[in-house]
Amino acid sequence: MSLIGYARVSTEDQTPLPQSQALKSAGCVEIHEEQASGGNRARPVLARVLERIGKGDTLVVVRIDRLARSLSHLLEVIERLEAKGAFFRSLTDPIDTSSPQGKFTLQVLGAAAEFERALIRERTKAGLASARTKGRVGGNPGLRARDPAALRKVRLARQDGYMERLNETAQDWVPHVRRLRPDMAWEDVLRIVNGPLPRERQWTQSRLLRAVKAYVRDGFLPETVLARAGRRETDDRLPAIVAAIRGADPDITLQAICTRLEAMRERTPRGRTSWQPSSVKMLLERAERLGLLG
């Protein structure tokens, strides 16, 4: 159970040293520094920290805004930590999810965010209803006239919105796709991506492929990830999956791999649904002999 520090600055002119010193004084055994905009959710250093943090560990920041600029992003990160049995603490804000008071503060923040969204929805509905009573028709006149320039502008806006939503979830799937494709079939990549995610955030294969193609188109992923997967011997499939799980988190325990495989509904070599550490160890040894472990 370790304290893992995360320090972020927005520009190269800034230094994370004061944050790192405060995190070190707070007892952090690891401190990860990153230079990135707070509005960018697809931060590679943060993604690696969230991917590798373990059960009982605590992610520590100096201030909330070093981790997230929006309440929705903050709640999303904390949800990921809770799914892994980890905690979150801010040194200068009253949030420590390992304590009852911190959890209460978080619940209040979540309720406030939901209330704000409800108010926005109600104001929007009221505005539209008022406009209709005055005879005003909603929508873009250029779209109603099928103007090519207006259609192109909407298409680009939708594309930008889609990419923004993808960036919010990139840490869930990009590292796996980059590491496993095209050596592993999409079906198995999907199972590995969905393994640690709560049900409401899991991907379908069609959605994942669409996201990958969008990232390839914009140069965020190499075209090779879309190549056809090579034929794999049936006996090599389970070692490859276990090796992929270990590759994503080298410090993961055998029991945690068992839990992940059961969540993926992957059956043991003997067709059972319940996994034992000894079976995982055997598959890891086979994966090493096959050269599947880096």
Side-chain angles (χ1 to χ4, degrees), residues 47-57 76-77 79-86 166 169-213 215 221 224-294:
R48 287 196 298 271
V49 172
L50 294 177
E51 192 172 299
R52 298 191 59 176
I53 200 165
K55 184 176 182 181
D57 292 342
E76 177 185 317
V77 171
E79 180 181 302
R80 288 197 64 187
L81 292 171
E82 288 183 339
K84 302 186 76 170
L166 285 186
T169 62
Q171 57 197 12
D172 293 337
W173 54 277
V174 169
H176 293 297
V177 171
R178 190 185 299 277
R179 187 167 44 84
L180 302 178
R181 288 291 304 167
D183 297 326
M184 184 173 287
W186 282 112
E187 293 85 352
D188 292 328
V189 173
L190 180 68
R191 293 158 76 88
I192 291 169
V193 167
N194 283 338
L197 298 179
R199 183 174 298 276
E200 64 273 11
R201 287 176 51 201
Q202 291 187 353
W203 295 75
T204 63
Q205 186 168 322
S206 59
R207 281 185 59 229
L208 181 60
L209 278 170
R210 183 187 174 202
V212 171
K213 288 176 180 177
Y215 261 44
L221 283 171
T224 52
V225 299
L226 294 174
R228 183 183 295 275
R231 185 178 298 276
R232 185 180 293 280
E233 296 294 333
T234 304
D235 292 343
D236 292 351
R237 180 176 173 276
L238 281 177
I241 290 176
V242 173
I245 296 173
R246 168 62 65 83
D249 184 0
D251 298 325
I252 193 171
T253 64
L254 295 177
Q255 185 58 56
I257 295 178
C258 291
T259 303
R260 185 74 59 82
L261 290 168
E262 289 171 2
M264 294 165 59
R265 298 185 179 179
E266 196 67 55
R267 290 186 176 271
T268 69
R270 296 186 178 181
R272 297 173 181 170
T273 57
S274 179
W275 282 82
Q276 298 298 323
S278 58
S279 299
V280 172
K281 183 179 180 182
M282 176 190 69
L283 289 172
L284 284 173
E285 290 171 349
R286 178 168 174 77
E288 188 167 10
R289 291 196 299 271
L290 292 169
L292 300 174
L293 290 175

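This chain uses plain numbering: 1 for the first residue, then up along the sequence.
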[X] vs [Y] side-chain heavy atoms within contact, under 4.5 Å:
{"X": "Trp203", "Y": "Leu197", "value": "yes"}
{"X": "Trp173", "Y": "Ile192", "value": "no"}
{"X": "Ile241", "Y": "Leu283", "value": "no"}
{"X": "Lys281", "Y": "Ser278", "value": "no"}
{"X": "Leu180", "Y": "Asp188", "value": "no"}
{"X": "Arg272", "Y": "Ser279", "value": "no"}

Is there a donor-acceptor contact under 3.5 Å from the side chain of Glu262 to the main chain of Trp275? yes
Treating Arg179 as the side-chain partner and Ala244 as the backbone partner, does any N or O pair qualify as donor plus acceptor under 3.5 Å? yes
If you compare all heavy atoms of [X] against all heavy atoms of [Y], which two are closest, and at what distance to 0.1 Å?
{"X": "Thr268", "Y": "Leu238", "value": "C-CD1, 4.3 Å"}
{"X": "Pro239", "Y": "Ala287", "value": "O-CB, 3.6 Å"}
{"X": "Ala240", "Y": "Met184", "value": "O-CE, 3.4 Å"}
{"X": "Arg228", "Y": "Pro182", "value": "O-CB, 4.2 Å"}
{"X": "Pro175", "Y": "Ala170", "value": "CD-O, 3.5 Å"}

Atom pair [atom1]/[atom2] of [X] and [Y] - distance to nearest 0.5 Å:
{"X": "Lys84", "Y": "Leu50", "atom1": "NZ", "atom2": "CG", "answer": "7.5 Å"}
{"X": "Arg191", "Y": "Arg265", "atom1": "CZ", "atom2": "CZ", "answer": "9.5 Å"}
{"X": "Leu221", "Y": "Leu226", "atom1": "CG", "atom2": "CG", "answer": "8.5 Å"}
{"X": "Thr259", "Y": "Leu254", "atom1": "OG1", "atom2": "CG", "answer": "11.0 Å"}
{"X": "Glu76", "Y": "Gln171", "atom1": "CD", "atom2": "CD", "answer": "6.0 Å"}

Partner set under salt bridge (charged side-chain N to carboxylate O under 4.0 Å, His left out) for Glu79, not counting sequence neighbours: Arg201
With sequence neighbours excluded, tell me which residues meet side chain to side chain donor-acceptor pair (under 3.5 Å) with [X].
{"X": "Thr224", "result": "none"}
{"X": "Arg181", "result": "none"}
{"X": "Thr253", "result": "none"}

Any pair with a residue in residues 47-57 that passes salt bridge (charged side-chain N to carboxylate O under 4.0 Å, His left out), sequence neighbours left out, goes on the list, sorted by first then second residue, please. Arg52-Asp251
As a quick check of understanding, evaluate side-chain contact (heavy atoms from CB on, under 4.5 Å) for His176 and Ile245, giving each step before the final call. CA-CA 9 Å; His176 293 297; Ile245 296 173; over 6 Å; no
For residues 205-213, dump all side-chain donor-acceptor pairs below 3.5 Å to protein atoms at least two apart in sequence or in another chain.
unit_1 : atom_1 : unit_2 : atom_2 : d
Ser206 : OG     : Thr204 : OG1    : 3.3
Arg207 : NH1    : Gln202 : O      : 3.4

